[in-house]
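Residue numbers run from 1 in the order of the sequence given.
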Amino acid sequence: MKHFTIPIFVPELACPNRCVFCNQHSISGCQKQPEPDEVREIILQHLKTIPENNSHIEIGFFGGSFTGIEQELQERYLAVANEFLVLDSGWSRLRSTIGNQESILKQSEETETLFLSGAETTIPGESNSGWSRLRSTTGNHKFSASPSEETETRWSSGADIRWSSGADIRWSSGADIRWSSGAETTHAQKRIHGIRLSTRPDYINPEALDRLKRYGVTTIELGAQSLNDEVLQFSGRGHSVVDVEKASELILSSGFKLGLQMMTGLPGDTPDISLQTARRIVHLGATCTRIYPTLVIRGTELEQRWRRGEYKPQSLDEAIELTARLLEIFKNGGVEVIRVGLHPSEGLLDGSELLAGPFHPSLRELVETYRWKQKLIPLLQQHPAGTSIKIPVTAEELRFAIGFNSSNRKILEEYFSKVEFIPELSPDQNRPLIITDKKLPLPAKNTLKTYGELVLLQTKNLVYKSINGHPDIFMCQGRDTVVVSPDLPPEILASIKAKKAKVTSGKTNPGRVYPDSARYNAVVTNEFIIHNLKITDPAIFEAFSDRKHLHVNQGYTRCNLLALDENHFITSDRGIEKVLSNEGRSVLYVDPASVRLRGQKHGFFPGCCGLTDNELMIAGSLAQHPGGDKIKTFINEAGFNIRELYNGPLIDVGGIFFF
C-alpha cells in the first residue's frame, strides 16, 4: 500500500517568536493562511490525483504552530479535514466518548454519541429489551438510515453484530457492540485515514490533545530541531530540551503517534551533536522524523549572521554524508524518515529566496545514492578489473543503487566490463515477520533484523507501562492461528495479515491491571491450552477448540512458560512446573531474579525468548544468569540451538513472536 500526505500549509500562525533560520512564507511557498473553504478545495484537488485502490492517505497541517493558533480556527480547519475521514476498515470495538467520560447507552434514550475505534461501549444490565435509536456523530456529520433499509439487527447477550451507521438495534443485557466501520456511509471523497500536524513542543498540553483527538488527529510532529540546549538557544527556538521531552511523553501517553523533526547545521551544531539528537529521538519513542539541513533564507536573522561572517552553512557534500549516518541511526531504531530536505518551493528552486546552504530538490535521492556508493566501492577491491558483475538489489532500492543520474553505475562501468543490477524480492517478502517490544535493547534489535522483518510494539493507556509493548499481552499464538486483542495497533495487525497468518479477533481487550491484563497470556501447544482458565479470552477456546484445557493459577502464563515442544517446557513459576510435571512433561524451572523488566522487581525468563524453527532467540546472555549452563544443557538436549541476541542482561520483552 502506498502512503500519501495532502499538505496544508498554515505558515507562522501563532508562532511566539521567529527562529533565526525561519521565513515560513519563503520555506512553504505560501504567502497567506488558507481559509477553511480553501483547505477543502486543496483536499479535493489532491484526491483527484491519488489512486483509489491501495492508498493510505493522510491530511497534514504543516508550517505553523498549529496548537497555538486560536482554538476556533483550529477547530474549523480540523472540522474540514474530519469531513473526509473514513473509519478503520474491518471490525472495531466501539468506544463511546462524550468529553472525557465513558458514556453509558441507555435503552430508553435517544443518544448522539461520538464513536471512536479502540474500546467498548457498555450497555447496562437493565437495558434488556426494546428498541433504541443509535446515532453516530463523527465530527460534524450524523449518519442515519431509513427504517426500510436492511439496517435492523437483533442479537443476544455477548454477540457481535454488524452495524450500518444510524441503524436501529435491539439488544439484550450486556451485549458487546461491534460495527463494520461505516461502509454504508462512506462516499467518494471519504478516503482520508488520518490527520497529522506539526507544532511547537511548548504548545502541547492535555486540553489541546483532547481537542485534537476529538477531531481524529492521529500523528503529532514536534519541531524539536535539536536536542541540545545550546543549539536551541543560539537558534532562537524559545524552548528547551526538557520541553521536547515533556511534550513527547504527553503525546505518547495520550495515544498519538509521535514525530520529532530535526535540523542539521544550526548555529552551534556539530555532526556529533546531530548524531546525539538522532539517538535521543529514537529513545523518546518517535515513530517518524524529518531531517532538514539548515538553509540561509532571505529575510531571516541567519542571513544577517551569514553576511557578517558569523555563520557558515554546511556544504552539500557535508549534509549528504551526515544525513546518511542519521538514516542508519533511525533505520536501526525503527524510526521512519519521511522527508529529507525542505519542500522545493518556487523561491528555493529559482534562488530568489535561497542565499546559501545545502539545498537540492532531490536531496533524499542524493543521500540514498551516497549510502549505496559506500556499499559498492568495496567491490572494486574484491573483483578483478575488466570482469563482469551482477549486483542483486530490491525493486525499491534499484534507483538508489544505480545512483542519481546513474552516478554509481558509471563508477562501476569504469572498472568492470559489464555491470548488471539484478532485481530481487524485497528481503521482507521472503523473510519472517518478527514482533517484540520496542524497549528491546538496540544491539538485540539489530541482530533480529538480520533474521527477518522486525516490527516493534508499543501501546499507550491500554495496560501498565512495564508491559505496554509485550506481544504476549495482546496476542495468543498457536502453530497455525493467532488470536489478537481488538486493540492491537492496526499497523501490527496489518503486518501479521500480510504474512497470510490466520488471525482471529478476541472478544475483549486487555485491562489495565491484573488479572484483566493477562487475558491473552496463554500458552497454546498442539495438545494444550495452558492458562488460568478463569480469565482466558473466549476466542482462544474457540480458535483452539480441539486442545485439552490445562488450568494453572498463574494468569501471566506465557510470561512464565516457554514451550520448546510438546514435551519440553521452561518455566519461572513453581505452580506451572507442578501441573506440567503431573502431565509427564520434562520441565526446567528458571529462577526469575536475574531477569530485568523495567518498572518491576524482575521479569521472567520465558519473556526473553522466541522460537523459530529449531532455534531459540534469547534477549540477553545466559552468562548473566547463575543457572545459565543448566539452561543451555536443557535447551540443547531438547534439540534446539541458542542464539543470544546481544551480550548483555536478560531482558523480559514479552516474548519474540515469529510469523
Side-chain angles (χ1 to χ4, degrees), residues 252 279-280 282-285 329 332-335 432-452 454-460 462-475 477 492 514 517-518 520-521 523 554 556-564 570-573 588-612 615-632 634-635 640-658:
L252 289 172
R279 296 185 188 101
R280 186 65 180 148
V282 173
H283 181 74
L284 286 174
I329 292 174
N332 292 335
V335 178
L433 171 70
I434 308 169
I435 299 176
T436 193
D437 190 349
K438 188 172 183 178
K439 294 188 284 289
L440 181 73
L442 183 58
K445 292 176 184 174
N446 292 337
T447 302
L448 281 177
K449 287 175 182 177
T450 67
Y451 280 81
L454 180 61
V455 175
L456 300 172
L457 177 60
Q458 184 180 52
T459 66
K460 292 291 181 180
L462 300 180
V463 296
Y464 54 91
K465 187 175 290 188
S466 297
I467 60 172
N468 66 2
H470 283 200
D472 60 14
I473 296 299
F474 299 96
M475 62 183 85
Q477 186 181 33
I492 303 291
Y514 183 85
S517 54
Y520 294 87
N521 205 247
V523 171
Q554 175 60 264
Y556 286 132
T557 309
R558 173 58 182 85
C559 296
N560 281 276
L561 178 63
L562 176 68
L564 294 173
I570 298 175
T571 185
S572 294
D573 183 88
L588 175 68
Y589 174 80
V590 174
D591 191 321
S594 300
V595 179
R596 296 186 181 182
L597 176 60
R598 188 182 300 178
Q600 303 297 322
K601 183 179 179 181
H602 61 75
F604 304 100
F605 178 73
C608 307
C609 302
L611 278 171
T612 175
E615 194 162 24
L616 180 66
M617 305 286 181
I618 303 176
S621 172
L622 289 175
Q624 303 270 348
H625 194 285
D629 290 341
K630 188 176 180 180
I631 297 171
K632 285 182 182 179
F634 184 86
I635 294 169
F640 290 85
N641 298 319
I642 296 171
R643 173 65 164 167
E644 296 176 339
L645 298 179
Y646 82 116
N647 187 27
L650 294 166
I651 305 292
D652 185 344
V653 290
I656 304 166
F657 284 36
F658 288 81

Over 12 non-hydrogen atoms of neighbours within 6.0 angstrom of CG in Asp591:
yes
Is there side-chain contact between Phe657 and Val455, with heavy atoms separated by less than 4.5 Å?
no
Please find the pair of heavy atoms, one from Gly603 and one from Pro592, that lie closest to each other, and give the distance.
O-CB, 3.2 Å
Might you point out which heavy atoms bring Leu597 and Ser466 nearest each other, and give the distance in Å?
CD1-O, 3.6 Å
Euclidean distance, Leu622 CG relative to Leu650 CG, rounded to 0.5 Å
6.0 Å
Is there a side-chain contact between Val590 and Leu562 in this structure, where contact means two heavy atoms from C-beta onward sitting under 4.5 Å apart?
no
Minimum side-chain heavy-atom gap Ile570-Ile635 below 4.5 Å:
yes
Distance (rounded to the nearest 0.5 Å) between Lys630 NZ and Tyr589 OH:
11.0 Å
Short side-chain to backbone donor-acceptor contact, Asn521 and Cys559, under 3.5 Å
yes
So which heavy atom on Phe634 is nearest to which on Leu564, and how close?
CE2-CD1, 3.9 Å
With a 3.5 Å distance limit and no angle check, can you tell me whether Thr436 reaches the backbone of Gly655 through a side-chain donor-acceptor pair?
yes
Side-chain contact test, heavy atoms from C-beta onward, threshold under 4.5 Å: evaluate it for Val282 versus Leu442 and give yes or no.
no
Would you call Leu561 and Asp573 a side-chain contact if the rule is heavy atoms closer than 4.5 Å?
no
Donor-acceptor under 3.5 Å (Thr447 side chain, Pro443 main chain)
yes
Looking at Asp652 and Phe604, would you say the former's side chain and the latter's main chain have a donor-acceptor pair under 3.5 Å?
yes
A side-chain contact here means heavy atoms from C-beta on lying under 4.5 Å apart; do Ile434 and Thr612 qualify?
no
On a heavy-atom basis, the closest approach of Leu284 and Leu252 is O-CD1, 3.3 Å
Could you tell me whether a side-chain N or O of Arg558 sits under 3.5 Å from a main-chain N or O of Ala518, the two making a donor and an acceptor?
no
Is there side-chain contact between Leu616 and Leu611, with at least one heavy-atom pair below 4.5 Å?
yes
Side-chain donor or acceptor of Gln477 paired with backbone N/O of Phe658 under 3.5 Å:
yes
CZ-CG distance between Arg598 and Asp437, expressed to the nearest 0.5 angstrom:
8.5 Å
Starting from the C-alpha separation in whole Å, work towards a yes-or-no answer on side-chain contact (heavy atoms from CB on, under 4.5 Å) for Leu462 and Ile473.
CA-CA 10 Å; Leu462 300 180; Ile473 296 299; over 6 Å; no
Output for pair (Tyr646 OH, Ser621 OG), nearest 0.5 Å, gives 9.0 Å
Write down the atom of Gln554, the atom of Tyr556, and the distance for their closest heavy-atom approach.
OE1-N, 3.0 Å
Please check if the side chain of Lys449 supplies one atom and the backbone of Asn332 the other of a donor-acceptor pair under 3.5 Å.
yes
How far does CD of Gln624 sit from SG of Cys608, to the nearest 0.5 angstrom?
11.5 Å
Going by heavy atoms in the side chains, are Val653 and Lys439 under 4.5 Å from each other?
no
Give, for atom CD1 of Ile435 and atom CG of Asp472, the distance between the pair rounded to the nearest 0.5 Å.
12.0 Å
Determine whether a donor-acceptor pair (N or O, by modelled atom type, separation under 3.5 Å) exists between the side chain of Ser594 and the backbone of His625.
no
Closer than 3.5 angstrom, by distance alone: can the side chain of Glu615 be matched with the main-chain N or O of Arg643 as a donor-acceptor pair?
no
I'd like to know if the side chain of Asn468 reaches the main chain of Thr459, judged simply by a donor and an acceptor atom lying under 3.5 Å from each other, with no hydrogens or angles considered.
yes
Verdict with reasoning, Leu588 to Ile631, per side-chain contact (heavy atoms from CB on, under 4.5 Å):
CA-CA 8 Å; Leu588 175 68; Ile631 297 171; 4.2 Å; yes
